[in-house]
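Everything on this sheet refers to the single structure shown next.
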Amino acid sequence: DDEIGDVEVVRKCVGGDCRAGARVRSSVLSTVTAYLDPNGASVATMCRLFALHAGPHDVPAEFWLLSAPDSFAAQSERNAEGFGIAALSTRDGLLLVRNPVKAGDDAMYRQVSQRVRASQLLAHLRYASTGAVSLPNTHPFVIDNRIFAHNGVVGDLPELERRIGPSMAMVGGDTDS
């Protein structure tokens, strides 16, 4: 695992072949706090999630991440405060890419979206309702070989932290995740 500047790329091996992840530095931050639908009405904003499970086969996700009419790149116009892609490949293991910038404008996002093939994939676009726009707050998170992301706001954080107890030491960032 490595963290360089504002971008994190992690590749972990599952089984055989493993390759080092590329590292890119980016310092551009972009923020969108609200948006309107085509009729001008205010639309509630929260993070966006995309999950893919292709069974035992690695498949491309480029269509949903880049090409579809409402692709994740298009949705990042509204959810511009970071993106993350966690992809589990049958051949290469886990690839995690996170960056606290707008996905649609990011070269790393485009490159990964065009090339990734995975049997399981979880992508996240952040709307920062809680916590700073920063790499530690950018989903998905990997803790103890588990991948986690959510949308919406997690309530009653003091009670949740109490129930988690000493395991809170594994949690980073200052978001509600």
Side-chain angles (χ1 to χ4, degrees), residues 3 6-10 26-54 61-88 94-113 116 118 120-164 167-168 170-177:
E3 190 174 311
D6 297 316
V7 176
E8 179 183 43
V9 179
V10 176
S26 174
S27 60
V28 178
L29 296 179
S30 178
T31 304
V32 172
T33 56
Y35 67 95
L36 303 177
D37 72 11
N39 297 319
S42 179
V43 177
T45 303
M46 66 175 62
C47 298
R48 300 288 184 230
L49 292 168
F50 171 74
L52 174 140
H53 187 284
E62 180 179 5
F63 175 76
W64 297 284
L65 298 176
L66 286 176
S67 305
D70 196 25
S71 70
F72 246 41
Q75 290 182 44
S76 76
E77 292 298 320
R78 299 179 302 269
N79 294 76
E81 297 164 327
F83 72 88
I85 299 172
L88 184 60
L94 174 64
L95 171 67
L96 174 65
V97 178
R98 304 183 310 151
N99 196 354
V101 301
K102 184 167 90 175
D105 291 345
D106 190 67
M108 171 73 79
Y109 177 83
R110 284 189 304 279
Q111 290 172 359
V112 170
S113 297
V116 71
Q120 298 173 49
L121 185 135
L122 178 62
H124 184 272
L125 294 175
R126 184 159 188 248
Y127 174 77
S129 57
T130 304
V133 176
S134 66
L135 184 59
N137 290 337
T138 304
H139 306 211
F141 306 107
V142 177
I143 297 176
D144 198 21
N145 291 322
R146 290 178 177 90
I147 300 168
F148 171 77
H150 78 92
N151 66 353
V153 176
V154 176
D156 201 358
L157 289 177
E159 172 61 15
L160 182 59
E161 291 171 2
R162 184 191 69 73
R163 294 179 74 181
I164 292 172
S167 295
M168 277 299 296
M170 295 189 303
V171 177
D174 62 356
T175 181
D176 59 348
S177 301

If you look at every heavy atom in [X] and [Y], which pair is closest and at what distance?
| X | Y | result |
| --- | --- | --- |
| Ala54 | Ala118 | CB-O, 4.3 Å |
| Ala86 | Pro140 | CB-CG, 3.8 Å |
| Arg110 | Asp105 | NH1-C, 3.4 Å |
| Tyr127 | Cys47 | N-SG, 3.3 Å |
| Gly131 | Ala128 | O-CB, 4.0 Å |
| Pro100 | Leu135 | CG-N, 3.8 Å |

Between atom [atom1] of [X] and atom [atom2] of [Y], what is the distance when rounded to the nearest 0.5 Å?
| X | Y | atom1 | atom2 | value |
| --- | --- | --- | --- | --- |
| Phe50 | Leu122 | CZ | CG | 9.5 Å |
| Phe72 | Leu125 | CZ | CG | 4.0 Å |
| Phe63 | Ser71 | CZ | OG | 9.0 Å |
| Asn145 | Leu94 | CG | CG | 8.5 Å |
| Met108 | Ile85 | CE | CD1 | 10.0 Å |
| Tyr109 | Asn99 | OH | CG | 12.0 Å |

query: Which class fits the ring pair His124 and His139: parallel under 30°, tilted 30 to 60°, perpendicular over 60°?
result: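 The arrangement is parallel - the two ring planes meet at less than 30°.
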Check your understanding: Counting distance only, does the side-chain N/O of Asn79 pair as donor-acceptor with the main-chain N or O of Met46 below 3.5 Å?
Key ->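 At least one qualifying donor-acceptor pair exists.
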**Prompt:** Considering only heavy atoms from C-beta outward, does the side chain of Phe83 approach that of Val101 to under 4.5 Å?
**Reply:**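 Counting from C-beta outward, Phe83 and Val101 do come under 4.5 Å.
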